[in-house]
Novice: 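Provided herewith is a single structure, encoded as C-alpha cells, for subsequent inquiry.
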Amino acid sequence: MSHFLFIVASTREPGHVGNTEWLARRAAESLPADTTQTWLHLAHMPVQPFTDQRHTVGTYPWPDDGHLRTLLDATMGCTDLVLVSPVYWYSFPSSLKTYLDHWSAWLRIEGLPFKAEMARKRMHLVTTSGDRAKAQPMIDSAQLCAAFLSMPFDGALWGKGGPPGTVQSDATALAAADRFFRSA
Ligand SMILES: Cc1cc2nc3c(=O)[nH]c(=O)nc-3n(C[C@H](O)[C@H](O)[C@H](O)COP(=O)(O)O)c2cc1C
C-alpha cells in the first residue's frame, strides 16, 4: 500500500497556501484513492538545529517526543517522500535543509535501519520559483540527496511561482502536475 509523505517547506503564514503546496495538491489529486497521504508543514514544526557529533559521540539518541520525532516516524513510515519546496536563494528553505541535516543523525541511531529503509522509498520533488533555470541547483541537490541514500528519484515538477495564485496560471505546470504521479 502506498503512503505518500508531503514535506511542505514554504514559509507562508498559517492558512495561506503557497504556489508549491497548491501545485503538489493538484498533482496529488491523481493519486489512487487508496493511497495514504500525510502532509507536514516544516514552518509550523520547529526543531532543534543539527549538531555534528559524528566524530565525537558517534551515535545519536532517538529524538524525544516532539516535531523531530514526528518527522522521523513519518519519514520511516512512508513509501514515497515528496519534497514540496519553493526555491529560496537557489536552494532549499532553511527548514528543509535542517530536516535533511537530521538525516545524518538518523543514520547513526542505534537500532534504526534508516539507510536500508530509505533505499526502499522513492523521492519526488515539487518546486516553484520565479524562473525555471534558477531552480536547477536545488533540483540537483534533491537528486543527489536521494542518490546518497540509494533512493530512486522519481522526478521534479516545477511551476512558475510568485505571489500566491501565480502557479494556477502556468498551464504547462498544471498539465505536468496531472501526469506527475501517474506512475505511482
Ligand atoms: C527568501 C526567498 C528566496 C527566494 N529565492 C529565489 C531564487 O533564488 N530564485 C527564484 O527564482 N525565486 C526565488 N524566490 C521566489 C520563490 O521561489 C517563489 O515566490 C515561490 O513561488 C514561493 O513558493 P510558495 O508560494 O510555495 O511559498 C525566493 C523567495 C523567497 C521568499
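The figures that follow rest on heavy atoms only: side chains count, while hydrogens, waters and symmetry mates do not. Because the structure is predicted, anything quoted here is derived from the model rather than measured. Residue indices begin at 1 and follow the sequence shown. Both ligands and their constituent atoms are indexed starting at 1 by order of listing.
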Novice: Would you check the N or O atoms of K134, main chain and side chain alike, for any that come under 3.5 Å of an N or O of ligand 1?
Specialist: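 No, K134 has no N/O under 3.5 Å of an N/O on ligand 1.
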Novice: Does R69, at its CZ atom, have more than 12 non-hydrogen atoms belonging to other residues, nucleotides or ligands within less than 6.0 Å?
Specialist: yes
Novice: Could you tell me which atoms of ligand 1, counted from 1 in the order shown, lie closer than 4.0 angstrom to a heavy atom of G161?
Specialist: 21 (O)
Novice: Apply side chain to side chain contact (heavy atoms under 4.5 Å, CB included) to the pair L42 and L71, showing each step before the final yes or no.
Specialist: CA-CA 9 Å; L42 294 177; L71 287 164; 3.8 Å; yes
Novice: Do T11 and Y88 get their side chains close enough for a donor-acceptor pair, meaning under 3.5 Å?
Specialist: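 A pair is found: one side chain offers a donor N or O, the other an acceptor, under 3.5 Å apart.
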Novice: Side chain or backbone, does T20 bring an N or O within less than 3.5 Å of an N or O on ligand 1?
Specialist: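 N/O-N/O distance under 3.5 Å: yes.
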Novice: Is the backbone N or O of M1 less than 3.5 Å from a side-chain atom of D34, with the two atoms forming a donor-acceptor pair by type?
Specialist: no
Novice: Can you tell me if D65 has over 12 outside heavy atoms packed within less than 6.0 Å of its CG?
Specialist: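 Check fails, neighbour count at 12 or below.
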Novice: Taking distance alone, with N or O pairs closer than 3.5 Å, would you say T11 contacts ligand 1?
Specialist: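 No; the residue has no nitrogen or oxygen that sits under 3.5 Å from a nitrogen or oxygen of the ligand.
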Novice: Can you report which non-hydrogen protein atom sits closest to atom 27 (O) of ligand 1, along with the distance?
Specialist: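 For atom 27 (O) of ligand 1, the nearest protein heavy atom comes out as S10 OG, 2.7 Å.
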Novice: Using a 4.0 Å cut-off to any heavy atom of S129, which atoms of ligand 1 qualify?
Specialist: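 Counting atoms of ligand 1 from 1, those under 4.0 Å from S129 are 10 (C), 11 (O), 12 (N), 17 (O).
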Novice: Is it the case that over 12 heavy atoms from other parts of the model lie below 6.0 angstrom from the CG atom of D64?
Specialist: no
Novice: Could you tell me whether D178 and R26 make a salt bridge, using a distance below 4.0 angstrom between a side-chain N and a carboxylate O?
Specialist: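 Here D178 pairs with R26 in a salt bridge, since their nearest N and O are under 4.0 Å apart.
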Novice: I need the nearest protein heavy-atom contact for atom 31 (C) of ligand 1: residue, atom name and distance, please.
Specialist: Y88 CE1, 3.7 Å
Novice: Please identify which atoms of ligand 1 are closer than 4.0 Å to at least one heavy atom of D131.
Specialist: 11 (O)
Novice: N/O to N/O below 3.5 Å, does that happen between W89 and ligand 1?
Specialist: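 Right, the criterion is met.
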Novice: Under 4.0 Å from a heavy atom of R12: give me the atoms of ligand 1 that qualify, with their elements.
Specialist: 22 (C), 24 (P), 25 (O), 27 (O)
Novice: Does K97 count as lying over the ring of F50, i.e. NZ or CZ under 6.0 Å from the six-ring centre, within 45 degrees of the axis?
Specialist: no
Novice: Can you name the atoms of ligand 1, numbered from 1 with element, that are less than 4.0 Å from a heavy atom of Y90?
Specialist: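 Taking each heavy atom of Y90 in turn, ligand 1 has 7 (C), 8 (O) under 4.0 Å.
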Novice: In ligand 1, which numbered atoms sit nearer than 4.0 Å to a non-hydrogen atom of V87?
Specialist: 4 (C), 5 (N), 6 (C), 7 (C), 8 (O), 9 (N), 13 (C), 14 (N), 16 (C), 17 (O), 28 (C)
Novice: What is the nearest protein non-hydrogen atom to atom 10 (C) of ligand 1, stated with its residue, atom name and distance?
Specialist: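 Scanning the protein heavy atoms, the shortest distance from atom 10 (C) of ligand 1 goes to G130 N, 3.6 Å.
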Novice: Starting from atom 21 (O) of ligand 1, what is the nearest protein heavy atom, named by residue and atom, and what distance separates them?
Specialist: T128 OG1, 2.7 Å
Novice: To the nearest 0.1 Å, how far is atom 23 (O) of ligand 1 from its closest protein heavy atom, and which atom is that?
Specialist: P86 CB, 3.2 Å
Novice: Within the 3.5 Å criterion, strictly below it, is a donor on T128 or W158 matched to an acceptor on the partner's side chain?
Specialist: no
Novice: Within ligand 1, which atoms have a heavy atom of G18 less than 4.0 Å away?
Specialist: 24 (P), 25 (O), 26 (O)
Novice: Would you say the side-chain atoms of H3 and Q37 include a donor-acceptor pair closer than 3.5 Å?
Specialist: no
Novice: Under a heavy-atom criterion of less than 4.0 Å, does G162 contact ligand 1?
Specialist: yes
Novice: Is it the case that S2 and T35 place a side-chain donor and acceptor less than 3.5 Å from each other?
Specialist: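 T35 and S2 do not have a side-chain donor-acceptor pair below 3.5 Å.
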